[in-house]
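In what follows, a structure is listed as structure tokens, so that the remarks can point back to it.
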Protein chains: 2
Amino acid sequence: MIVKKIKHKEDLRSVILEAAKKLFVHEGYEATSIRKIAKEIGFSPTTIYLYYKDKNDIVYALHQVGFGILKERFFPLMAVDNPFERLKALGKLYIQFAFDNPEYYQVMFMMKEPLSFLNSQKENNEWIEGELVIEFLKNTVIECQSKGYFKEMDPIAVTIHAWAAVHGLVSLHVTQHLDCIKDVFDKMETMEEIVYNSFQVLVELMNSSK
Amino acid sequence: MIVKKIKHKEDLRSVILEAAKKLFVHEGYEATSIRKIAKEIGFSPTTIYLYYKDKNDIVYALHQVGFGILKERFFPLMAVDNPFERLKALGKLYIQFAFDNPEYYQVMFMMKEPLSFLNSQKENNEWIEGELVIEFLKNTVIECQSKGYFKEMDPIAVTIHAWAAVHGLVSLHVTQHLDCIKDVFDKMETMEEIVYNSFQVLVELMNSSK
DNA sequence: CAAAGCTACTTAACAGTGTTAAGTAGTTTA
DNA sequence: TAAACTACTTAACACTGTTAAGTAGCTTTG
């Protein structure tokens, strides 16, 4: 009996998340209000607070969904033996993920709210999702060093640099700051081409560190 | 007479901006509402709409103030002859600006609102502030190429990469995503040291492109 | 000099936001 | 059968940006 109730409670929790996902992906974060989610699932707005602490809690759940998608994409890369090839593939996949899921990217790497929710939790306030991704990147960087790349460089500084370089590219794209300086590069390329060309510079610079 | 009135109108416009600046810098963007600005200057909220089209208009004005500060800091760099030294100094100054003025940095490079305001304007919807900075960076990159750096690389791709690399660093810091992965780099460093160490990696990689 | 017009501002309201306290059917338990 | 608990709702609070309509007071005009 109790189990059944808990299961039902879990059910509505995921129903809320599904509605939030739908609104979030199609209408964007701004348009995803508690009241709209409630209307979507046919319950009153206050019901949502029985399943999620506050809006940040929902945003954190969405951020976890995003990390689920990203991890799924990263999984095949574990099989890539050559660490530098893996590093390049990691960057490419990261950028592609951001282009395919801009709303998820924002909630995962550009918004304070999910982290605020984490900090509001008494226990387990560690950002395990992010740490896992960075850990994977760091290990790849260290492997690259044993192959002669990034000689005499701090592997952590290299890791953060690599992350920041791709994050910088995709976040400037997502916020439309790249589009706004199109006049500076008079060439007629798609935003995706421009971003990948800039990523190529990172790859070439890293390659020449060997 | 007319001139005096216009001048008075201009006066209140800057009084509003000053109040917005104060709230914005001290309380952050979230806490800067039209109503709070109005209370700060002792006028009714609707008065603000006589001087600014909407909130994005005010945010755009704040963004311009930020670019004013940045340009002031960049000015002395024009005198640096060695282009690679200038490039390094540009990066350092950019990072330092973001650390000193996180709220302004957000409004300048991380928020859609000022750009939305630009696009809502019929004429002059070009992001001249950003383009000026990128133009300066691009020219420095091209000068570096004539000194042997970035051989056979697209100068525009290098420019965007350089910008994205430093933007990535400071934006991950501003959104507190860097702090959240502190556990991955067990060293006890300040956020500023970590960011500058990662920037150093960029410098070294660029240096080895010669 | 009074009437009309204009300027600069305010009041009131609309439509929305996140969030909480209090209340209410319906089921379960004692 | 009565008490207790579950799952949900209604009503409200305190905000947000924004607009339509109204009002003093000064300026210009007939």
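Just so we're clear, the structure is a prediction, and the values are computed from it rather than from any experiment. Within every chain, numbering begins at 1; the chains are lettered A, B, ... in the order of the sequence lines, protein sequences first and strands thereafter.
Between B:F136 and B:F75, a ring centre-to-centre spacing not shorter than 6.0 Å is recorded. B:F43 has its ring centre no less than 6.0 Å from the ring centre of B:Y51. Between B:F99 and B:Y105, a ring centre-to-centre spacing not shorter than 6.0 Å is recorded. Here B:F67 and B:F109 bring their ring centres to under 6.0 angstrom of each other.
Here D:dC8 presents its P atom at 14 Å from OH of A:Y52, a figure rounded to the nearest Å. Rounded to an integer number of Å, the gap from B:D57 CG to D:dT18 P is 10 Å. Across the protein-nucleic acid pair, A:L12 atom CG and D:dT6 atom C1' stand 13 Å apart, rounded to whole Å. Atom CD1 in B:I41 sits about 11 Å away from atom C1' in C:dC9, given to the nearest Å. Across the protein-nucleic acid pair, B:N56 atom CG and D:dT16 atom P stand 16 Å apart, rounded to whole Å. The CD1-C1' distance, from A:I48 to C:dT20, rounds to 15 Å in whole Å. Computed from coordinates, the A:F43 CZ to D:dC8 P distance equals 5 Å when rounded to whole Å. Summarising the geometry, the separation between CG on B:L50 and P on D:dA21 is reported as 16 Å, rounded to the nearest angstrom.
A distance of 11.5 Å separates CD1 of B:I128 from CG of A:D183, quoted to the nearest 0.5 Å.
The base of D:dT18 lies outside donor-acceptor range of the side chain of B:T46, with no N or O pair under 3.5 Å.
Every residue was checked against the ring-ring contact (aromatic ring centres under 6.0 Å, His included) condition with A:F97, not counting sequence neighbours, and none meets it.
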Between the protein and nucleotides 16-18 of chain C, list the N/O to N/O atom pairs that are separated by less than 3.5 angstrom.
| residue | atom | partner | partner atom | Å |
| --- | --- | --- | --- | --- |
| C:dT17 | OP1 | A:S33 | OG | 2.7 |
| C:dG18 | OP1 | A:I34 | N | 3.1 |
| C:dG18 | OP1 | A:K55 | NZ | 3.3 |
| C:dG18 | OP2 | A:I34 | N | 3.1 |
| C:dG18 | N7 | A:R35 | NH1 | 2.5 |
| C:dG18 | O6 | A:R35 | NH2 | 3.1 |

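Between the side chains of A:E129 and A:Y60, at least one donor N or O sits under 3.5 Å from an acceptor N or O.
When all heavy atoms of A:I37 and A:I48 are compared, the pair lying nearest together is CG2-CD1, 3.7 Å.
A salt bridge between B:E143 and B:R86 is present, with a side-chain N of the basic residue lying under 4.0 Å from a carboxylate O of the acidic one.
Looking at the side chain of A:Y51, the nearest of the listed nucleotides D:dT10, C:dC9, D:dC8 is D:dC8.
End-to-end axis angle of the helix from C:dC1-D:dG30 to C:dA30-D:dT1, using five pairs per end and rounding to 10°, comes to 30°.
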